[in-house]
Amino acid sequence: ALALFRGWPRFASLLGAAFAGWLRPGEYLGATRFNIQFPQDVCDAERTWTLWRHFQPKTRRSGARQQPSRIDDESVQLLLWEVFGGLQPPDRLWPWAPSRFRDRYRQLATAFGTTSIPLGGARGGGATDYYAATEDAPRTLRRGRWSTYQVMDRYLQEAETTNRLDLLSDNEKLKVQ
């Protein structure tokens, strides 16, 4: 919400997609409109999710060469549609340098009184949030695009234990909430 208030709709959309779709920073900073498939794009009014297509995923050597991420969060989908729905397929979602995205992320973290939450934490946060809510290991494995349960388990354990929110003061926690 603070990013939108500051007039950064692309930033807010991509950070929301990173959390909801468990995206790595390189997967959204280099993406084009062609990477996002909205229900409107395929004339499917019944579909309740948005597909984020990865054409060069990190795990393409050990897994599928093209991989999907699913975004179910309705508010994130609406924001993505409002910001990127009108773009043409080759248009970049983040047309600036990745350093500009990192700078804005640091500005938001500073506004919340912390710099201890890393940019890559959105993927881990989204995955642990989903697993905590569902305890559905097979679906978490697939959605996270991990090759084995062992890799997923290690990732989720590390993401849960590196949550830096416990280190924030009570005042800082109120700002984040």
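Because only heavy atoms are used, hydrogens play no part in the values below, and waters and symmetry mates are left out as well, while side chains stay in. What you see is a predicted model, and the numbers here were worked out from it, not measured in a lab.
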How many angstroms lie between atom CG of Asp153 and atom OG1 of Thr148, to the nearest 0.5 angstrom? 9.5 Å
N/O donor to acceptor pairs below 3.5 angstrom from side-chain atoms of residues 95-102, sequence neighbours left out:
none

Given the rule that I, L, V, M, F, W and Y join up when any side-chain heavy atoms are under 4.5 Å apart, are Phe19 and Val83 in one cluster? no
Around Arg142, counting heavy atoms of other residues, nucleotides and ligands shown, do more than 12 lie under 6.0 Å from its CZ? no
Min side-chain heavy-atom separation His54-Arg145 under 4.5 Å: yes
Check whether any side-chain N or O of Arg47 sits under 3.5 Å from a backbone N or O of Gln40 as a donor-acceptor pair, and report yes or no. no
In one Ile/Leu/Val/Met/Phe/Trp/Tyr side-chain cluster, 4.5 Å: Leu2, Val76: yes
Rounded to the nearest 0.5 Å, what's the gap from CZ on Arg33 to CG on Asp41? Could you check? 4.0 Å
Output yes when a side-chain donor or acceptor of Thr32 lies under 3.5 Å from a complementary backbone atom of Pro89, and no otherwise. yes
What is the minimum heavy-atom distance between Ala3 and Phe11, and which atoms define it? CB-CD2, 3.6 Å
Rounding to 0.5 Å, atoms OG1 (Thr48) and CD (Glu74) come to a distance of 8.5 Å
Does some side-chain heavy atom of Met152 sit less than 4.5 Å from a side-chain heavy atom of Thr140? yes
Shared hydrophobic cluster for Phe112 and Leu4 (ILVMFWY, side-chain gaps under 4.5 Å): yes
Closest heavy-atom pair and its distance - Glu135, Ala132: CG-O, 4.3 Å
Kindly indicate whether the side chain of Tyr28, heavy atoms from C-beta on, has any atom under 4.5 Å from the side chain of Leu93. no
Are the side chains of Trp49 and Pro39 in contact, using a 4.5 Å heavy-atom criterion? no
Under the 3.5 angstrom rule, does the side chain of Ser69 hit a backbone N or O of Gly21 as a donor-acceptor pair? yes
Quick one: CG on Asp73 to OH on Tyr130, what's the gap to the nearest 0.5 Å? 13.0 Å
N/O donor-acceptor pairs under 3.5 Å from side chains in residues 118-126, not counting sequence neighbours:
{"unit_1": "Arg123", "atom_1": "NH1", "unit_2": "Trp22", "atom_2": "O", "d": "2.6"}
{"unit_1": "Arg123", "atom_1": "NH2", "unit_2": "Gly144", "atom_2": "O", "d": "2.8"}

Test item: Phe84 and Asn35 side chains (from C-beta on) under 4.5 Å apart, heavy atoms: no
Result of checking Ile36, Leu80, Leu51 against Ile71 for side chain to side chain contact (heavy atoms under 4.5 Å, CB included): Leu80
Within a 6.0 Å radius of atom CZ on Arg92, are there more than 12 heavy atoms belonging to other residues, nucleotides or ligands? yes
In the single-linkage hydrophobic clustering (I, L, V, M, F, W, Y; side-chain heavy atoms under 4.5 Å), do Phe5 and Leu14 co-cluster? yes
Flag the pair Asp136 and Arg143 as a salt bridge only when some basic side-chain nitrogen lies within less than 4.0 angstrom of an acidic carboxylate oxygen. no
Between Phe38 and Gln77, is any pair of side-chain heavy atoms under 4.5 Å apart? no
Using a 4.5 Å cut-off on heavy atoms from C-beta on, say whether the side chain of Leu108 contacts that of Trp8. yes
